[in-house]
Amino acid sequence: MMSFLQKPFSKFLQVLFFLLLMCIPSFFAFPPNSSATSFGAAKYEAAEGNKEAEALLKWKASLDDNHSQYVLSSWVGSSPCKWLGITCDTSGSVADFSLPNFGLRGTLHSFNFSFFPNLLTLNLGNNSLYGTIPLEIGLLTSLNFLYLDKNYLTSRIPFSIGNLRNLFILNLKDNKLFGSIPSSIGNMTLLTRLDLNSNNLSGSVPREIGQLESLVELKLSSNNFTGHLPRDLCLGGLLVNFTAALNHFSGPIPKSLRNCTSLFRFRLDGNQLSGNISEDFGLYPNLNYVDLSHNDLYGELTWKWGGFHNLACLLLSNNNISGEIPSELGKATGLQKIDLSSNLLKGTIPKELAVEGVAQPYSS
């Protein structure tokens, strides 16, 4: 009986011994080699750096003239972090690509945007870049600052620009961009500054621009925009500088601007805006410069001038403003320049505007 029981028990011992043998190597195995892991990570970072270097060198080779090649003469090898205009993050990836004011001549067609997932700043302002803004620019989803101003870019603003949801500043002024502003711009809700001055943009400004509640500066001057101004401007209450001069805007000044107490500089001159100027304006304690000249505004100057403590320049010429120049205008004691010429005003110049220390009325 005993031998009968011992047989399976000895078998059990054999199995147990076998399992222990299997476990022993892993029990005594060394922990992962940390230096090997670091080496692997470094290898990965080097590979990423090489891809970025290759992309930058390919773009350099595409530039047109000897001057551009000379400016980028430091761009050799496979470590871009020490190249002119390039700054890397702690992982060795390109985070800042800034070469403004260098007179570089060429296009962005050969630039592989997909190789720069960690790029935070792209600044190629004031060069001689021409051609289009590629659709692939929308791949720079980490980007915070984009400056392509003062070049010769001739294209529409790509719809893919709306993918840049982390962008704070977009500056495309002084190019030859045409077409309308894409509605996708409304996706860029972190945007604080948008400058599209001095292009050939046309059509109406999309209402989605009103979704940019972080905007501090909006510049749309010297284009060919038509239609009404966006109705939801300054919803975030942060707008300081709004210029949309020298376009073809029509209709009234948006009511949302009536309560925009943050405004410091306000230019809508050279449009076809209409409406009652006495109803379109609210109280602007920070306003320093306002130019609404060369429009079709009517009404009287019945604003609460005592609240305009910071106003230095008031330009309202070439409208249909009527009534008398109010003596309350003298309460805007910071005024240095007033132009009310070519309106339907009557009466005399109030003495409050003629005393020492108060601005003299300006007429052209």
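Since the model is a prediction, treat every value here as computed from it, not as a measurement.
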Nearest 0.5 angstrom please: [X] [atom1] to [Y] [atom2], how far?
X: Lys150; Y: Asp174; atom1: NZ; atom2: CG; value: 6.5 Å
X: Asp195; Y: Glu217; atom1: CG; atom2: CD; value: 6.0 Å
X: Ile169; Y: Leu143; atom1: CD1; atom2: CG; value: 11.0 Å
X: Ser114; Y: Leu139; atom1: OG; atom2: CG; value: 6.0 Å
X: Ile86; Y: Lys82; atom1: CD1; atom2: NZ; value: 14.5 Å
X: Asn151; Y: Ser128; atom1: CG; atom2: OG; value: 7.0 Å

Compare every heavy atom of [Y] with every heavy atom of [X], then report the nearest pair and how far apart it is.
X: Leu108; Y: Pro134; value: O-CG, 3.6 Å
X: Ser62; Y: Ser110; value: CB-OG, 3.5 Å
X: Trp305; Y: Pro326; value: NE1-CG, 3.7 Å
X: Gln69; Y: Lys60; value: NE2-O, 2.8 Å
X: Thr132; Y: Leu153; value: O-CD2, 4.3 Å
X: Pro206; Y: Ser183; value: CB-CA, 4.1 Å

Going by the rule salt bridge (charged side-chain N to carboxylate O under 4.0 Å, His left out), which residues pair with [X] if we only count those two or more places apart in sequence or in a different chain?
X: Arg265; value: none
X: Asp269; value: Arg267
X: Asp296; value: none

* **Partners meeting side chain to side chain contact (heavy atoms under 4.5 Å, CB included) with Pro158 (sequence neighbours left out)** =>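 So Pro158 forms a side chain to side chain contact (heavy atoms under 4.5 Å, CB included) with Ile133, Leu135, Ile137, Ser160.
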
With sequence neighbours excluded, residues passing side chain to side chain contact (heavy atoms under 4.5 Å, CB included) with Thr261
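In terms of side chain to side chain contact (heavy atoms under 4.5 Å, CB included), with neighbours along the sequence ignored, Thr261 is linked to Pro285.
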
ILVMFWY network linking [X] to [Y], side-chain heavy atoms under 4.5 angstrom:
X: Leu72; Y: Leu57; result: yes
X: Phe266; Y: Val240; result: no
X: Leu301; Y: Leu353; result: yes
X: Leu164; Y: Tyr147; result: no
X: Leu316; Y: Ile349; result: yes

Main-chain N/O of [Y] paired to [X] side chain as donor or acceptor, under 3.5 Å:
X: Asn271; Y: Ser250; value: no
X: Ser214; Y: Leu191; value: no
X: Asn127; Y: Gly103; value: yes
X: Asp232; Y: Arg207; value: no
X: Asn247; Y: Leu220; value: yes
X: Asn319; Y: Ser317; value: yes
X: Asn320; Y: Gly299; value: no
X: Ser142; Y: Pro117; value: yes
X: Asn318; Y: Asn343; value: no
X: Asp339; Y: Ser341; value: yes

Would [X] and [Y] count as having a side-chain donor-acceptor pair, cut-off 3.5 Å?
X: Thr189; Y: Glu213; result: no
X: Tyr130; Y: Asp64; result: yes
X: Asn126; Y: Asn101; result: yes
X: Asn123; Y: Thr121; result: no
X: Asp96; Y: Thr87; result: no

Please set out all donor-acceptor pairs under 3.5 angstrom arising from side-chain atoms of residues 273-282, sequence neighbours excluded.
residue	atom	partner	partner atom	Å
Asn276	OD1	Ser278	N	3.0
Asn276	OD1	Ser278	OG	2.4

Would Leu196 and Ile181 count as a side-chain contact (heavy atoms from CB on, under 4.5 Å) here? Give the steps. CA-CA 9 Å; Leu196 302 176; Ile181 300 173; 3.6 Å; yes

Aromatic contact between Phe97 and Trp59, with the criterion being ring centroids under 6.0 Å apart: yes or no?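 Ring centres of Trp59 and Phe97 closer than 6.0 Å.
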
Phe115 and Phe113 aromatic centres sub-6.0 Å
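Centroid separation for Phe115 and Phe113: 6.0 Å or greater.
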
Note, [X] side chain near [Y] side chain (heavy atom, < 4.5 Å):
X: Leu218; Y: Leu239; value: yes
X: Leu177; Y: Arg156; value: no
X: Ile325; Y: Ile338; value: no
X: Asn197; Y: Asp149; value: no
X: Leu314; Y: Phe308; value: no
X: Leu124; Y: Phe102; value: no
X: Phe116; Y: Glu52; value: yes
X: Leu215; Y: Leu194; value: yes

query = How far apart are the C-alpha atoms of Asn118 and Asp89, what are their side-chain angles, what is the distance that settles it, and do they pass the side-chain contact (heavy atoms from CB on, under 4.5 Å) test?
reply = CA-CA 8 Å; Asn118 302 313; Asp89 58 24; 4.0 Å; yes

Checklist line | Test log, rule side-chain hydrogen bond (donor to acceptor under 3.5 Å, both in side chains), inputs Asn187 and Ser184 | finding: CA-CA 6 Å; Asn187 298 334; Ser184 62; 5.2 Å; no

Apply the test side-chain contact (heavy atoms from CB on, under 4.5 Å) to residues Gln272 and His248: give CA-CA distance (whole Å), side-chain angles for both, the deciding distance (0.1 Å), then the verdict.
CA-CA 6 Å; Gln272 289 97 50; His248 307 287; 3.7 Å; yes

Next on the checklist: Working note: Ser204 + Phe225, criterion side-chain contact (heavy atoms from CB on, under 4.5 Å); need CA distance, chi angles, decisive distance, verdict.
Outcome noted: CA-CA 6 Å; Ser204 59; Phe225 291 121; over 6 Å; no

